[in-house]
Amino acid sequence: MLRDRCGKGFANMAETPRFYLTTAIDYPNSRPHIGTAFEKIGADVQARYRRMEGYEVHFLMGNDENTIKVARRAAELGQDPKAYCDDMARQFQDVWRALEISYDDFIQTSEPRHHEGCRKFIQKVYDNGYIYKGTYEGWYCEGCEAFKTETEVAEAGGVCPNHRVPPVRRSEPCYYFALSRFQDRLLKFYEANPDFIQPESRRNEVLAFVESGLQDVNITRTGQTWGIRVPFDEQFTIYVWFDALLNYITAIGYGSDEERFQKWWPADIHFIGKDITRFHCALWPAMLFAAGLEPPRRVFGHGFVYNRGRKVSKSDQDKKKGDVSEPTDPMEIIDRFGGEAFRYYFMRECPFPGDGDYTWDRFKEVFNADLANNLGNLYSRVVRLIAQNYGGHLEQTAGREPGVIYTDVDTETTVEQVQAHIEACQYNQALEKIWRQILDPANQYADRREPWKLVKTDREAAKGVLFDLVEQLRAAAILLKPFLPRTAETIYRSFNFKQPWEEVRHEDVWVHPGQVDDLRLLAPLVDNKVKPLFPRMT
RNA sequence: CGCGGCGUGGAGCAGUGGUAGCUCGCCAGGCUCAUAACCUGGAGGUCGCAGGUUCAAAUCCUGCCGCCGCAACCA
């Protein structure tokens with residue numbers, strides 16, 4: 001029985017809801033690693049899912065360039081900082097494109113649009129009375145030309161961790177942002193918006209942090225030539241966090257295109273690493289309050305990906321470059337096995353809200369078990385059976401309703417579970433549902449009905465079995481669209497399904513748009529076989 | 001008492017009160033359409049340790065041990 005397609009969607013299809021999501025902007029000091037890629041993939045799945053479900057999506061990514069380290073690194077290379085940033089931005093985007101990250105905009109914080117927006121924002125906060133002049137005192141390293149935190153110095157044994165020389169006590173004028181004045185308002189905001197910080201463990205952390213008392217923060221630096229000038233006192237530059245967070249609004253027109261800004265702000269979700277939760281959940285809303293703007297709707301602090309249980313450090317990655325036994329550079333992995341396998345591994349194996357682990361052995365294991373043997377093989381065997389026995393044309397299947405493959409859970413429920421998991425960013429659980437409740441039953445059904453035998457005694461019955469199996473592939477393709485965009489499309493376009501690929505929604509899985517024409521195989525064949533989706537790794 | 005996470009059959013994980021589940025590996029069988037892939041069955045766990053709550057705990061509480069991450073410019 002067909003359901004009202006609008007029933008579960010939007011009451012008024014003319015009103016397209018919008019969805020604005022962002023990822024953290026990255027430091028361009030070194031190339032992306034598997035951890036940064038993890039975040040972008042998780043955000044991309046969400047973006048693709050929302051687009052499928054009818055939202056008008058704006059997906060922002062970018063690089064954080066106004067740092068002392070960038071200026072220093074460029075100087076080391078004898079490059080202009082801007083040229084260095086542009087080159088790194090290009091390299092980052094090469095990786096993101098290889099991973100099929102479907103971002104709509106990529107902001108570099110060295111761009112004029114960001115500088116202008118930042119200056120307007122800080123001026124606004126200043127005018128509103130939340131910025132005041134004071135002095136900052138701390139441990140200053142002459143070599144770094146920067147202040148070191150107490151703990152940094154203490155851990156290194158009383159010296160600068162980089163230069164191994166004792167820092168000097170130094171105080172200098174600076175501007176403070178009155179963060180402490182927002183403590184009560186933040187706590188009220190958290191209380192009124194329990195879903196603001198996810199997952200729960202991050203929320204508890206922020207609550208405890210804010211309740212323990214907030215201190216005003218120094219938001220300026222002196223003596224820098226690279227960075228954004230403070231508009232009301234040009235000898236200062238803006239401290240990186242006060243500058244970086246603003247990318248989320250300068251990219252959508254804050255200070256330059258009010259209409260565009262109004263359309264997209266507030267963001268529906270900021271995807272960030274769990275280490276920067278405090279900045280996004282305390283400092284950032286406070287900054288927005290200070291400027292008279294709305295806070296974002298949701299901040300999701302995802303977990304980390306480790307390599308053999310250890311943190312992926314940038315130096316390790318450089319050291320390991322060229323080590324073929326265990327590649328950790330995303331590009332190296334992608335070059336060998338493709339972006340789809342990369343996406344699958346991290347989404348299936350690493351729970352997004354928590355931590356995950358990456359090892360090369362595990363990567364191969366997951367690749368072979370799930371992608372090659374299960375999904376890929378199911379596709380191959382079904383295509384082959386139809387091609388070999390029916391010449392790629394299942395006659396008189398036009399208008400036929402697919403039969404029911406026995407499963408513990410009905411398809412509609414599976415779809416709802418997958419959707420709920422994606423919306424909660426529990427991507428690994430969504431994928432598990434697809435494998436256990438769609439693909440496994442399909443392989444089992446094939447074995448139980450043995451269409452390769454059945455075709456010899458009852459061509460009609462065998463045809464029905466294959467028709468049902470194709471239905472499972474159609475369901476899998478739709479459900480996998482946000483996760484494996486290319487593979488899902490390949491599977492879907494292997495048949496003449498009614499619904500155009502660009503328009504499929506999760507609902508279509510169980511609504512069964514039905515076949516208008518007889519089911520036909522469209523996949524390119526060689527000897528009645530298709531090219532394997534994921535050739536098994538040895 | 002800085003904050004947080006983890007400890008479940010050989011390996012990796014899921015499982016927030018009611019007969020312990022998944023993937024890989026292993027053993028035995030079946031099948032042969034398929035990427036030596038697929039299917040069925042089996043062996044293998046006192047769920048870190050010690051207490052407590054409960055008719056009932058991997059699951060809640062207390063303490064302890066071990067590993068890991070963060071600690072206001074490393075996702």
Side-chain angles (χ1 to χ4, degrees), chain A residues 23-27 29-30 32-40 42 64 66-69 146-147 149-152 155 179 201-202 204-206 208-209 212 214-215 217-218 221 239-241 243-244 271-279 282-283 301-306 309-315 348-351 354-357 359 361-362 364-366 368-374 376-389 428-429 432 435-436 440 442-448 450-455 462 466 469 528-538:
Chain A
T23 61
I25 51 177
D26 297 306
Y27 288 114
N29 302 7
S30 62
H33 55 76
I34 53 176
T36 49
F38 180 55
E39 173 177 299
K40 312 313 173 201
D64 185 6
N66 299 320
T67 69
I68 295 166
K69 282 180 186 168
F147 284 99
T149 62
E150 290 285 345
T151 45
E152 236 178 332
E155 276 182 4
L179 179 62
S201 56
R202 300 275 85 80
N204 295 337
E205 199 177 321
V206 172
F209 169 67
S212 76
L214 295 172
Q215 291 171 22
V217 289
N218 173 4
R221 292 292 183 270
Y239 164 68
V240 289
W241 270 110
D243 143 6
F271 284 104
I272 59 162
K274 63 181 183 180
D275 57 331
I276 53 175
T277 309
R278 291 175 177 189
F279 295 106
L283 177 60
H302 63 75
F304 286 163
V305 175
Y306 300 96
R310 305 221 150 265
K311 190 167 184 167
V312 184
S313 82
K314 289 170 179 173
S315 53
R348 174 68 185 89
E349 200 58 17
C350 307
D355 296 339
D357 195 35
T359 67
D361 286 343
R362 186 64 186 156
K364 285 198 290 194
E365 197 174 299
V366 169
N368 283 337
D370 293 356
L371 297 178
N373 298 350
N374 196 330
N377 185 56
L378 175 67
Y379 170 74
S380 291
R381 65 196 305 207
V382 170
V383 169
R384 167 76 172 182
L385 284 163
I386 295 172
Q388 187 82 330
N389 298 300
N428 60 329
Q429 294 184 60
E432 185 180 18
W435 257 256
R436 300 288 87 81
D440 285 349
N443 271 318
Q444 288 157 8
Y445 178 77
D447 240 69
R448 202 163 58 240
E450 300 181 304
W452 50 90
K453 273 187 189 168
L454 194 59
V455 72
L466 293 177
L469 284 169
N528 280 339
K529 290 189 176 192
V530 280
K531 194 176 128 209
L533 294 174
F534 298 99
R536 200 180 148 78
M537 287 164 65
T538 50

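Note on naming: letters A, B, ... go to the chains in the order of the sequence lines (proteins, then strands), and numbering restarts at 1 for each one.
Salt-bridge annotation for D447(A) and R381(A): present, with a side-chain N of the basic residue lying under 4.0 Å from a carboxylate O of the acidic one.
Distance CZ (F534(A)) to C1' (rC38(B)): 18 Å, rounded to an integer number of Å. A straight line from CD1 of I276(A) to P of rA72(B) spans 14 Å, rounded to a whole angstrom. Note: CD (Q215(A)) to P (rA71(B)) measures 16 Å, nearest angstrom. Per the geometry, CD belonging to E450(A) stands 7 Å off P belonging to rU32(B), to the nearest Å. One interatomic measurement links the two molecules: CG of N368(A) to C1' of rA37(B), which rounds to 10 Å at whole-angstrom precision. When rounded to the nearest whole Å, the span between CZ of F38(A) and C1' of rG69(B) equals 15 Å.
Closest to the E365(A) side chain, of the nucleotides rC39(B), rA75(B), rU23(B), is rU23(B). Closest to the side chain of D447(A), from the set rC39(B), rU23(B), rG69(B), is rC39(B). Here rA75(B) is the nucleotide among rC22(B), rA75(B), rU35(B) with the atom lying nearest to any side-chain atom of F304(A). For Y27(A), the listed nucleotide lying nearest its side chain is rA75(B); candidates were rA75(B), rU40(B), rU23(B). Checking rU40(B), rC24(B), rU35(B) against every side-chain atom of A369(A), the shortest atom distance belongs to rC24(B). With rG4(B), rA72(B), rA75(B) as the choices, the nucleotide that has an atom nearest any side-chain atom of E39(A) turns out to be rA75(B). The side chain of Q429(A) lies closest to rG15(B), out of rA75(B), rC38(B), rG15(B). Among rC33(B), rC38(B), rU23(B), the nucleotide with an atom closest to any side-chain atom of R384(A) is rC33(B). You'll find that the side chain of R536(A) is closest to rU35(B), out of rU35(B), rA34(B), rC31(B). Listed nucleotides rA34(B), rC74(B), rC31(B) differ in distance to D275(A); the shortest reach to its side chain belongs to rC74(B).
If you check distances only, the side chain of N373(A) never reaches the base of rA37(B) with a donor-acceptor pair under 3.5 Å.
In this structure, rG9(B) makes no Watson-Crick or G-U wobble pair, since no nucleotide meets both defining distances under 3.5 angstrom. Look at rG2(B): its Watson-Crick or wobble partner, with both distances under 3.5 angstrom, is rC70(B).
Ranked by how close their nearest RNA chain B nucleotide is to the 5' end, L385(A) and N443(A) are led by L385(A). Toward the 5′ end of RNA chain B lies the nearest nucleotide of N428(A), the other residue of the pair P451(A) and N428(A) mapping further downstream.
Contact check for K40(A) versus D26(A): side-chain heavy atoms found under the 4.5 Å cut-off. A heavy-atom distance below 4.5 Å is found between the side chains of S380(A) and V530(A).
Under the 3.5 Å distance criterion, the side-chain polar atoms of D355(A) are left unmatched by any main-chain donor or acceptor of G303(A). W241(A) places no side-chain N or O within 3.5 Å of a backbone atom of F279(A) that could act as its donor or acceptor partner.
Note on Y239(A): a base of the nucleic acid sits closer than 4.0 angstrom, heavy atoms only. When heavy atoms are screened at a 4.0 angstrom cut-off, E349(A) is found touching the sugar-phosphate backbone but no base atom.
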